Amino acid sequence: MTKKALWKDIWKGIWNNKARFFALLAIIVLGTGFFGGISATGPDMLDTANRYYQENKLFDLKVISSYGIEAEDLAALEKVEGITAHPIRSIDAVVSEYEYTMRLYPYDAETMVNNYSLVSGRLPKKVGEIALDAEMTRFSQDIILGDVITFHSDDPAEGAPALADETYEVVGFVHSPIYIERTSRGNTQVGKGTLDGF
């Protein structure tokens with residue numbers, strides 16, 4: 001069979017089975033497109049997450065203790081080459097008016113790790129101001145900018161952090177690199193046992 005006759009036979013076969021040919025062609029094109037997209041998605045997601053974490057200075061390692069971290073523990077951490085320790089105390093408390101359980105972190109614009117991304121309002125500038133988890137606005141419109149909220153927490157154990165003030169004005173809503181998922185904020189020993197936000 002000559003080359004010309006072979007091509008004529010191929011085109012005749014395609015012409016007589018147009019629907020089948022185009023269906024197979026579509027399956028091949030879609031499969032190739034999906035494979036290319038899925039192959040590129042993983043590295044792109046890792047690169048996006050890495051950039052977000054670096055921009056917001058997410059900690060590389062978290063050291064926690066059920067008994068607290070002592071000054072000697074911090075000194076031991078500082079001796080490890082290449083490590084800069086940023087001690088942060090958090091307090092779990094309940095918003096009295098709504099029974100929302102929150103994890104409260106200190107805010108220091110100068111030495112802050114785990115920087116917040118502002119969604120609305122502004123970051124706190126003085127004592128008595130607070131910025132809350134922006135994800136809370138997805139499930140509740142109870143707390144808005146300008147509201148004054150009051151926290152209460154269990155009596156702290158000796159040496160444990162405690163709230164200096166219990167009443168704060170909400171000046172902003174933020175995202176944190178510590179919490180990237182929308183479904184859970186973790187567990188706590190106060191309130192209902194699960195955190196609603198930070």
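Positions are given from 1 along the sequence. Keep in mind that what you see is a predicted model, and the values were worked out from it rather than measured.
Under the side-chain hydrogen bond (donor to acceptor under 3.5 Å, both in side chains) criterion, T188 pairs with D92, sequence neighbours left out. Applying the side-chain hydrogen bond (donor to acceptor under 3.5 Å, both in side chains) rule to S120 yields no partners; only residues at least two apart in sequence or on another chain are considered. Every residue two or more places apart in sequence or in another chain that forms a side-chain hydrogen bond (donor to acceptor under 3.5 Å, both in side chains) with Y179 is listed here: Y105. Applying the side-chain hydrogen bond (donor to acceptor under 3.5 Å, both in side chains) rule to R122 yields the partners E129; only residues at least two apart in sequence or on another chain are considered. Partners of I144 by side-chain contact (heavy atoms from CB on, under 4.5 Å), not counting sequence neighbours, listed by chain and number: D147.
Here CD of E78 is found 12.0 Å from CG of D73. Values are rounded to the nearest 0.5 Å. Residue N115 holds its CG atom at 15.0 Å from NE2 of H175, rounded to the nearest 0.5 Å. Atom-to-atom distance recorded for L145:CG and E169:CD is 9.0 Å, nearest 0.5 angstrom.
Contact check for I91 versus R103: no side-chain heavy atoms found under the 4.5 Å cut-off. Side-chain contact check for N187 versus T194: some heavy-atom pair is nearer than 4.5 Å. No side-chain heavy atom of V94 sits under 4.5 Å from any side-chain heavy atom of F151.
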For this session: Go through the steps to decide whether F59 and I178 satisfy the test side chain to side chain contact (heavy atoms under 4.5 Å, CB included), and finish with yes or no.
Result: CA-CA 8 Å; F59 56 64; I178 299 173; 4.1 Å; yes
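One N or O on the side chain of D196 and one on the backbone of T101 form a donor-acceptor pair closer than 3.5 Å. With N56 contributing its side chain and L58 its backbone, the two residues share no donor-acceptor pair below 3.5 Å.
Residue Y52 is grouped with residue L118 when hydrophobic side chains (ILVMFWY) are merged at heavy-atom distances under 4.5 angstrom, including chains of intermediate members. If you chain together hydrophobic residues whose side chains sit under 4.5 Å apart, W7 and W15 never meet in one group. Under the 4.5 Å side-chain heavy-atom criterion for ILVMFWY residues, a single connected hydrophobic cluster contains both M102 and I143. Hydrophobic clustering (side-chain heavy atoms under 4.5 Å, transitive across Ile, Leu, Val, Met, Phe, Trp, Tyr) keeps L132 apart from L195.
The two residues A93 and L104 make their nearest non-hydrogen contact at CB-CD1, 4.1 Å.
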Contacts under 3.5 angstrom, residues 24-45 side chains, donor-acceptor by atom type, not counting sequence neighbours:
| from | atom 1 | to | atom 2 | distance (Å) |
| --- | --- | --- | --- | --- |
| T32 | OG1 | I28 | O | 2.8 |
| S39 | OG | F35 | O | 2.7 |
| T41 | OG1 | G37 | O | 2.6 |

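Using a 30° and 60° split on the angle between ring planes, F198 and Y116 fall in the parallel class, below 30°.
The only option from V170, I130, T167 that meets the side chain to side chain contact (heavy atoms under 4.5 Å, CB included) definition with V148 turns out to be T167.
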